[in-house]
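Below, chain A is the first sequence line, B the second, and so on; all start at residue 1.
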Amino acid sequence: MKNAELAKLFEHVADVLAVLGENVFRVNAYKKIARTLDEMPGDIEALAKTESLEDVPGIGKASAEKIGEYLRTGKVREFEDIFGQVPAGVMEIMRIPTVGPKTVAILWNEGGVNSLEKLKAKIEDGSLIGLPGIGAKKLEKIKENMAFLATSAGRIRIGEALPIAVELVEFLKSVKDVKNAQYCGSLRRGKETIGDVDIAVAAEETFAAAINEALRKHQVVAQIIQSGPSKTSFRTSAGLQVDVRIVPPESFGAAVQYFTGSKEHNVRVREIAVKKGLKINEWGVFKVKGEKEERIGGATEEEIYDAIGLATVPPEMREDRGEVEWAIEQGTSTSGGRIESELERFVSKLPQRIPSGNSAADAIHRQYRPEILRLLDIGYSKYLPKVRWVDMGNSNQELVDAFEAALVGIFDPPLNSQKLMRLSVAEDLISRYGAQQLYKEAQNATDWVSCDNAGARARALKSIPKGKRGVYLFKAGSSGWTQQQLGYIGKAAVGKAGSSDIRYRIKDHFDDESRADNFPDKFLQLLRSFVMRESPQCYAIELVELADIRGDLHMHTVASDGVCSIEEMVAECKRRGYQYCAITDHSKSQFQANGLKVDRLMDHIKAIHAVAKEAERSGILVLAGSEVDILADGSLDYEDDVLAKLDWVVASPHAALTQESDAATQRLVRAAANPHVCVIGHPTGRIVPSRRGLEPDMQKVIFAAARNGIALEINANCYRLDLRDTHVKMAVDANVPICINTDAHGIPDFDQMIYGVLTARRGWATAAHILNARPLAEFKSWLKGRKEAAAW
DNA sequence: GCCGTTTTCGGCCCGACTGTTTTCAGTCG
Ligand SMILES: Nc1nc2c(ncn2[C@H]2C[C@H](O)[C@@H](COP(=O)(O)OP(=O)(O)OP(=O)(O)O)O2)c(=O)[nH]1
Ligand SMILES: [Mg+2]
Ligand SMILES: [Mg+2]
Ligand SMILES: [Zn+2]
């Protein structure tokens with residue numbers, strides 16, 4: 001997979017261009033593309049073959065071409081030229097903290113510095129002092145910071161960061177006059193790796209200095225990076241950076257929201273605020289009235305999201321992966337409705353006859369547009385109380401589309417149904433066939449196809465040749481397209497589309513010729529038909545929680561490489577209140593882990609069943625299982641007749657983890673097809689952060705799991721977290737059951753469960769998606785289904 | 001460079017801390 005190297009390429013070119021003084025927005029555009037490529041769950045090369053990269057949000061014509069060029073030739077000529085302008089040694093300098101592109105440019109152009117070594121030497125001989133903006137202090141800092149060069153190893157696993165953060169938060173809460181403290185940043189979002197620890201503190205302004213002082217004296221503080229009245233950053237002796245932000249209690253919610261991020265999420269949220277005449281920062285939400293600002297909230301996170309009409313987004317979802325659109329769609333329920341009278345009043349103002357000719361029609365369109373939007377706001381918030389209109393172009397898109405199409409369809413012939421038709425696609429079709437398949441079907445059936453999105457449609461209108469027709473896929477239902485579903489086919493992939501269950505075809509409504517004459521009537525009728533509809537129940541999402549977990553279905557004992565007996569592991573599960581668990585020691589090929597040969601396995605099953613019998617009385621179901629190795633070709637490490645003797649089969653890959661993507665896909669798909677398998681354990685075999693593991697076409701693996709009715713594991717151990725967050729989202733979208741297992745080898749390992757839960761939450765999983773969140777009876781019935789499949 | 005209901009130009013989130021800037025740029029969160 002070339003995603004990572006392409007991401008690096010764009011990241012690097014962004015840095016080099018910044019040194020060359022290029023427009024910062026272009027630099028940021030490249031950085032955004034780098035992030036997109038890095039986080040893309042599928043293979044960019046496969047995507048480029050089947051779909052247009054231009055439809056990926058953030059990637060335009062220019063970059064799509066460059067990516068294509070790279071995939072063909074392994075190079076981007078324009079980038080090579082750019083790299084040629086700045087020696088590699090110069091770029092190394094930018095890895096020093098506090099040294100950014102401007103400083104690099106000056107050191108290089110005016111100071112003749114072209115490597116880290118030269119920089120060191122020139123700082124020593126004093127020849128750099130006097131360069132523009134560079135003095136003794138700055139150079140001293142640079143010299144110190146050369147010990148902290150940015151490296152990819154700079155991130156630590158969440159399991160290592162969390163305990164440190166919790167302890168620091170406890171300490172801060174114990175400091176006098178501290179009202180509240182909360183860790184934020186990537187840690188609160190539950191990311192698998194953590195760059196630094198971010199903590200927000202609530203305290204009256206007058207106490208901030210004292211709190212800062214107490215913090216600076218804390219024993220873990222090895223080096224203060226910076227410290228001002230509201231913000232202190234330091235490094236611990238272990239080299240971990242900690243950022244602490246102190247704000248007054250009335251700003252605590254705003255500060256937590258800001259500090260939790262992600263950056264990309266914050267930017268989206270703040271952009272929405274701007275469009276609504278508001279301003280959001282870490283101090284609160286403000287109404288902007290010319291020069292003056294009026295504070296309207298900030299004590300809680302809810303106040304922030306509420307102010308802009310968004311549902312509060314769970315921290316783990318805040319990655320700008322569609323959650324903003326989701327939150328708009330959920331909305332808040334505030335304004336009451338006066339729909340009928342408003343409606344009548346508005347409609348009575350509409351002209352009885354639409355003038356012919358585009359310019360006159362345009363003028364009317366412009367004149368009424370704000371009124372329509374305002375009306376929709378009122379109408380929607382009353383009849384669909386959880387869905388609230390937020391400014392332009394978002395969740396009520398289909399409603400706006402409907403009305404605007406009504407207007408435009410009459411005013412503006414080119415945008416009517418002759419060329420472009422909306423095709424609603426129901427959720428069950430998507431889960432049955434997969435979005436890609438539907439898209440391809442549509443492609444075969446028509447001349448042009450896209451998913452639902454204003455920009456895409458606008459382009460479509462231009463690109464559809466005269467006399468041809470196009471279709472755009474609109475996802476009916478509550479959740480909108482996801483990137484995974486469309487495989488980044490359309491801009492809507494980030495979630496522009498979809499909200500209520502309105503299914504609408506422009507064609508159906510506006511094909512009759514006489515429509516223009518009784519337009520107001522028609523319009524009213526249409527509007528009623530939408531807003532009077534039964535409102536769907538949509539509550540803000542309840543993601544799975546640690547307390548929902550009712551069992552652990554992957555653990556080891558002394559029989560293989562664990563350190564506890566069956567009894568000890570079961571007792572711990574019981575202690576945790578689990579209703580079921582599975583003992584799954586390694587299979588025979590895992591000889592280095594003392595994997596069990598068949599005869600030992602048979603004895604082990606007996607031993608587990610003996611413990612199970614005891615355990616049953618104390619109310620916990622114990623399954624005799626195995627973690628069966630998936631061999632390189634996808635076959636399993638035990639024969640089927642052996643597998644049939646087990647109550648529970650986790651099949652996981654352990655060796656040959658560097659095989660080609662296609663081989664990996666086949667391997668996992670084949671394993672998933674074995675009817676004895678219950679769940680695929682740590683499907684990629686990756687190790688965080690260093691080993692990439694298998695890179696299968698995860699969509700195919702997930703479909704295979706769906707076809708065969710098996711589950712996929714989130715291995716909760718913070719060294720694995722496999723499935724990873726983006727893969728979880730794909731599994732959730734496909735409705736494949738997910739097991740969150742600790743893979744415990746000893747008692748403390750059970751504590752890893754939380755990291756699996758956080759990863760599940762990052763994939764938008766609710767308890768309903770998690771197999772081991774089901775009550776015992778339900779779990780048993782699922783298992784029975786599996787056993788029947790195996791017997792059949 | 002990307003994007004779009006102000007649509008092919010013109011805007012792109014917002015603020016703290018530091019140093020050397022006599023009024024704010026650079027870097028970072
Ligand atoms: N509005 C806004 N907020 C930002 C920006 N940069 C960072 N933040 C906020 C959101 C981040 O989650 C939070 C903490 O910054 P960090 O650099 O520590 O990032 P984060 O913790 O998300 O990831 P990390 O694991 O530390 O690399 O500060 C920015 O440019 N604008
Ligand atoms: Mg952080
Ligand atoms: Mg930070
Ligand atoms: Zn295991």
Side-chain angles (χ1 to χ4, degrees), chain A residues 10 13-14 17-18 22-33 36 54 56-66 94 96-106 129-142 145 150 184-186 195-196 198 200 224-233 241-247 254-255 258-275 278-283 286 365-366 369-370 372-373 391-394 396-397 400-401 403-405 407-408 415 453-459 461-462 491 496:
Chain A
F10 274 85
V13 84
L17 284 172
E22 175 63 72
N23 176 313
V24 288
F25 296 107
R26 184 181 172 205
V27 171
N28 285 339
Y30 282 142
K31 288 203 162 160
K32 185 175 175 197
I33 291 172
T36 303
E54 263 188 74
V56 179
I59 300 182
K61 194 158 186 280
S63 295
E65 269 166 20
K66 293 191 174 84
M94 212 157 87
I96 305 169
T98 73
V99 177
K102 305 286 182 197
T103 311
V104 168
I106 286 169
I129 294 198
L131 292 180
I134 292 180
K137 271 191 174 168
K138 198 169 257 180
L139 287 176
E140 184 56 31
K141 200 161 241 180
I142 288 173
N145 283 339
C184 302
S186 47
D196 68 357
D198 305 287
I224 300 284
I225 298 166
Q226 56 175 199
S227 184
S230 88
K231 180 177 155 182
T232 292
S233 298
Q241 182 171 330
V242 180
D243 298 329
V244 178
R245 204 60 212 265
I246 305 176
V247 297
Y258 149 73
F259 222 18
T260 297
S262 65
K263 171 179 184 271
E264 291 74 13
H265 175 86
N266 286 356
V267 169
R268 293 292 311 277
V269 164
R270 290 173 181 206
E271 277 171 355
I272 291 170
V274 169
K275 284 197 194 142
L278 301 170
K279 184 176 74 171
I280 293 175
N281 58 32
E282 63 267 49
W283 302 98
F286 305 85
H365 186 190
R366 262 198 302 277
R369 188 180 151 65
I372 294 172
L373 294 178
D391 205 61
M392 316 285 209
N394 48 41
N396 292 353
Q397 192 64 53
V400 178
D401 278 352
F403 297 117
E404 296 233 310
L407 293 168
V408 173
L415 194 66
N453 164 272
R457 286 202 300 281
R459 269 197 300 282
L461 283 169
K462 284 190 185 158
K491 305 280 182 186
K496 263 274 162 80

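Residue A:S227 is classed as a sugar-phosphate contact, given heavy-atom separations below 4.0 Å to backbone atoms only. Contact annotation for A:V27: no contact, since no heavy-atom pair falls under 4.0 Å across all strands. Note on A:K32: nothing from the nucleic acid sits closer than 4.0 angstrom, heavy atoms only. Nucleic acid contact for A:A136: sugar-phosphate only, since backbone atoms but no base atoms lie under 4.0 Å from a heavy atom of the residue.
Using atom C1' as the reference point in both B:dC12 and B:dT6, the two lie 16 Å apart (nearest Å). Rounded to whole Å, the C1' atom of B:dT21 lies 15 Å from the corresponding atom of B:dT27. One C1' atom belongs to B:dC2, the other to B:dT8, and the distance between them is 12 Å to the nearest Å. As rounded to the nearest Å, B:dC13 and B:dT18 have P atoms that lie 25 Å from one another. Between B:dT20 and B:dG26, the two C1' atoms lie 12 Å apart (nearest whole Å).
The side chain of A:R270 lies closest to B:dC13 when the candidates are B:dC13, B:dG29, B:dG1. Comparing B:dG15, B:dG29, B:dC12 against the side chain of A:E282 picks out B:dG15 as the nearest. Checking B:dT27, B:dG29, B:dG15 against the side-chain heavy atoms of A:P101 singles out B:dT27 as nearest. In this structure, the nucleotide among B:dC14, B:dC13, B:dG1 sitting nearest to the side chain of A:S63 is B:dG1. Of all nucleotides listed (B:dT20, B:dG15, B:dC13), B:dT20 comes nearest to the side chain of A:K137. Residue A:T103 places its side chain closer to B:dG26 than to any other of B:dG26, B:dG19, B:dG29. In the set B:dG19, B:dC13, B:dG29, the nucleotide with an atom closest to the side chain of A:K141 is B:dG19. Checking B:dT18, B:dC2, B:dC13 against every side-chain atom of A:A62, the shortest atom distance belongs to B:dC2. Checking B:dT18, B:dT27, B:dA16 against every side-chain atom of A:Q226, the shortest atom distance belongs to B:dT18. In the set B:dG15, B:dG1, B:dA16, the nucleotide with an atom closest to the side chain of A:A29 is B:dG1.
Under the 4.5 Å side-chain criterion, counting only non-hydrogen atoms from C-beta, A:T36 is in contact with A:V56. Using a 4.5 Å cut-off on side-chain heavy atoms (C-beta onward), A:V247 and A:W283 make contact.
Nucleotide B:dT21 holds its C1' atom 12 Å from the CD1 atom of A:I106, rounded to whole Å. For A:E54 and B:dT8, the CD to C1' distance is 14 Å, given to the nearest whole Å. Put simply, NZ on A:K102 is 12 Å from C1' on B:dT27, counting in whole angstrom units. The nearest whole Å value for the distance from the NE2 atom in A:H265 to the C1' atom in B:dC14 is 15 Å. A straight line from CG of A:D198 to C1' of B:dG15 spans 15 Å, rounded to a whole angstrom. Rounded to whole Å, the distance from CZ on A:R268 to C1' on B:dC3 is 12 Å. Remark: C1' of B:dG11 and CG of A:N23 are 11 Å apart, rounded to the nearest angstrom. In this structure, A:I96 atom CD1 and B:dG26 atom P are separated by 18 Å, rounded to whole Å.
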Query raised in the report: Can you check side chain to side chain contact (heavy atoms under 4.5 Å, CB included) on A:I129 and A:L131, steps first, answer last?
Result: CA-CA 6 Å; A:I129 294 198; A:L131 292 180; over 6 Å; no
Query raised in the report: Does the pair A:L17 and A:R26 meet the rule for a side chain to side chain contact (heavy atoms under 4.5 Å, CB included), with working shown?
Result: CA-CA 9 Å; A:L17 284 172; A:R26 184 181 172 205; 3.8 Å; yes
Query raised in the report: Between A:N266 and A:E264, is a side-chain hydrogen bond (donor to acceptor under 3.5 Å, both in side chains) present by the stated rule, with each step listed?
Result: CA-CA 5 Å; A:N266 286 356; A:E264 291 74 13; over 6 Å; no
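With the nearest nucleotide of DNA chain B identified for both A:T98 and A:N266, A:N266 has the one nearer the 5' end. Along DNA chain B, the nucleotide nearest A:L139 and the nucleotide nearest A:K61 are compared for position; the residue whose nucleotide lies closer to the 5' end is A:K61.
Under 4.0 angstrom from either OP1 or OP2 of B:dA16 there lies at least one side-chain N or O belonging to A:W283. Note on A:K138: every side-chain N or O is 4.0 Å or more away from OP1 and OP2 of B:dT27. For the pair A:S233 and B:dC28, the criterion of a side-chain N or O lying under 4.0 Å from OP1 or OP2 is not met. Between A:Q241 and B:dG29 there is a side-chain polar atom (N or O) within less than 4.0 angstrom of OP1 or OP2.
Between the side chain of A:D198 and the backbone N or O of A:F259 there is no donor-acceptor pair closer than 3.5 Å. Between the side chain of A:K31 and the backbone N or O of A:A14 there is no donor-acceptor pair closer than 3.5 Å. No donor-acceptor pair closer than 3.5 Å links the side chain of A:S63 to the backbone N or O of A:I59.
Both distances falling under 3.5 Å, in either a Watson-Crick or a G-U wobble arrangement, place B:dA25 opposite B:dT18.
A donor-acceptor contact under 3.5 Å is not formed by the side chain of A:Y258 with the base of B:dG15.
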